[in-house]
Amino acid sequence: GYTKSFPLGFLRFILYFNMNIKLAILPLLCVPLLALAATDKTIAIASSVPMASEAKIAKNIKEECALGTTQVEYLKAYLEDEDYTVELVNDPKTVKQGKALLIETVGAQSSGNAFIGHRKYVEIRGTLYTDGKAGPSFTALRVSGGGLLGGFKSSCTVLHRCQKTLAKDVVTEWLKNPEDGIHLGD
């Protein structure tokens with residue numbers, strides 16, 4: 001009985017061994033594909049969001065609220081939540097390889113106060129660059145009265161609340177399907 005089943009048993013062993021080798025090698029073959037997919041999730045943003053040259057923003061907002069750095073912090077956090085690798089650069093327009101997102105603050109207003117109620121807004125615009133070429137652009141605006149317990153919040157805190165929501169709009173909505181000319185937010 002053993003000699004008759006030997007060729008069949010040997011063949012089963014070879015097939016089993018061959019399949020296990022293929023299964024062991026398959027993940028190694030996928031690594032280059034994962035590396036390519038990971039590069040698609042890398043994006044450069046400015047280390048500080050600039051104010052557009054035509055921006056009409058009160059001097060006290062510019063001096064007290066640090067809008068440029070807080071907008072970057074919120075953008076970076078939302079991008080990383082979406083599994084992006086974020087590179088901070090001086091000017092996203094100068095990035096020649098990969099994706100870069102240029103965002104500018106176009107306007108910000110801080111009227112009202114904790115006693116009569118906040119009426120604040122932040123407006124931004126952005127352009128997605130791919131390999132140094134300008135692509136789709138958007139505008140976005142968010143208005144806030146401070147939310148729950150707004151009367152206990154400073155003007156800068158309410159403006160930062162607008163910025164946080166804008167960052168969420170850009171990353172979780174627009175960046176997933178960058179449509180040119182779209183307006184986000186309020």
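Computed from heavy atoms alone, side chains included, the values below leave out hydrogens, waters and symmetry copies.
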*Ile124, Val143: one ILVMFWY side-chain cluster at the under-4.5 Å cut-off?*
no
*Val95, Tyr84: one ILVMFWY side-chain cluster at the under-4.5 Å cut-off?*
no
*Between Val106 and Leu184, is there a shared hydrophobic cluster once you connect ILVMFWY residues whose side-chain heavy atoms come closer than 4.5 Å?*
no
*Taking atom CD of Glu80 as the centre, report whether more than 12 heavy atoms of other residues, nucleotides or ligands fall under 6.0 Å from it.*
yes
*What closest approach, in Å, do Ala46 and Pro92 show between heavy atoms, and which atom pair accounts for it?*
N-CG, 3.5 Å
*Hey, is CG on Asn90 packed in by over 12 heavy atoms from elsewhere, all under 6.0 Å?*
no
*asked:* Using only atom types and a distance under 3.5 Å, with no angle test, would you say the side chain of Gln163 pairs donor to acceptor with the backbone of Leu67?
replied: yes
_My understanding is that only one of Thr85, Leu128, Val171 makes a side chain to side chain contact (heavy atoms under 4.5 Å, CB included) with Ile43; could you say which?_
Leu128
*Look up atom CH2 in Trp174 and atom CG in Asp180, then write down how far apart they are to the nearest 0.5 Å.*
8.0 Å
*asked:* With rounding to the nearest 0.5 angstrom, report the CD to OG1 distance, Glu104 to Thr127.
replied: 7.5 Å
_Interatomic spacing from OH in Tyr121 to CG in Leu166 - rounded to 0.5 Å_ = 12.0 Å
*asked:* What I want to check is whether the side chains of Ser144 and Arg161 have a donor and an acceptor closer together than 3.5 Å.
replied: yes
*asked:* Contact between Thr70 and Cys65 at the side-chain level, heavy atoms closer than 4.5 Å - yes or no?
replied: no
*Counting distance only, does the side-chain N/O of Ser47 pair as donor-acceptor with the main-chain N or O of Leu88 below 3.5 Å?*
no
*For residues Arg142 and Val122, determine if any side-chain heavy atom of one lies less than 4.5 Å from a side-chain heavy atom of the other.*
no
*Hey, is the main chain of Glu82 close enough, under 3.5 Å, to the side chain of Lys41 for a donor-acceptor pair?*
yes
*Hey, any chance Val49 and Tyr129 share a hydrophobic cluster, counting ILVMFWY side chains that come within less than 4.5 Å of each other, even indirectly?*
no
_Measuring only between side-chain heavy atoms, which start at C-beta, is Ile103 closer than 4.5 Å to Phe138?_
yes
*Would you say Tyr78 and Val170 are hydrophobically clustered, going by side-chain heavy atoms of ILVMFWY under 4.5 Å?*
yes
*Between the side chain of Asp131 and the main-chain N/O of Gln97, is any donor-acceptor distance below 3.5 Å?*
no
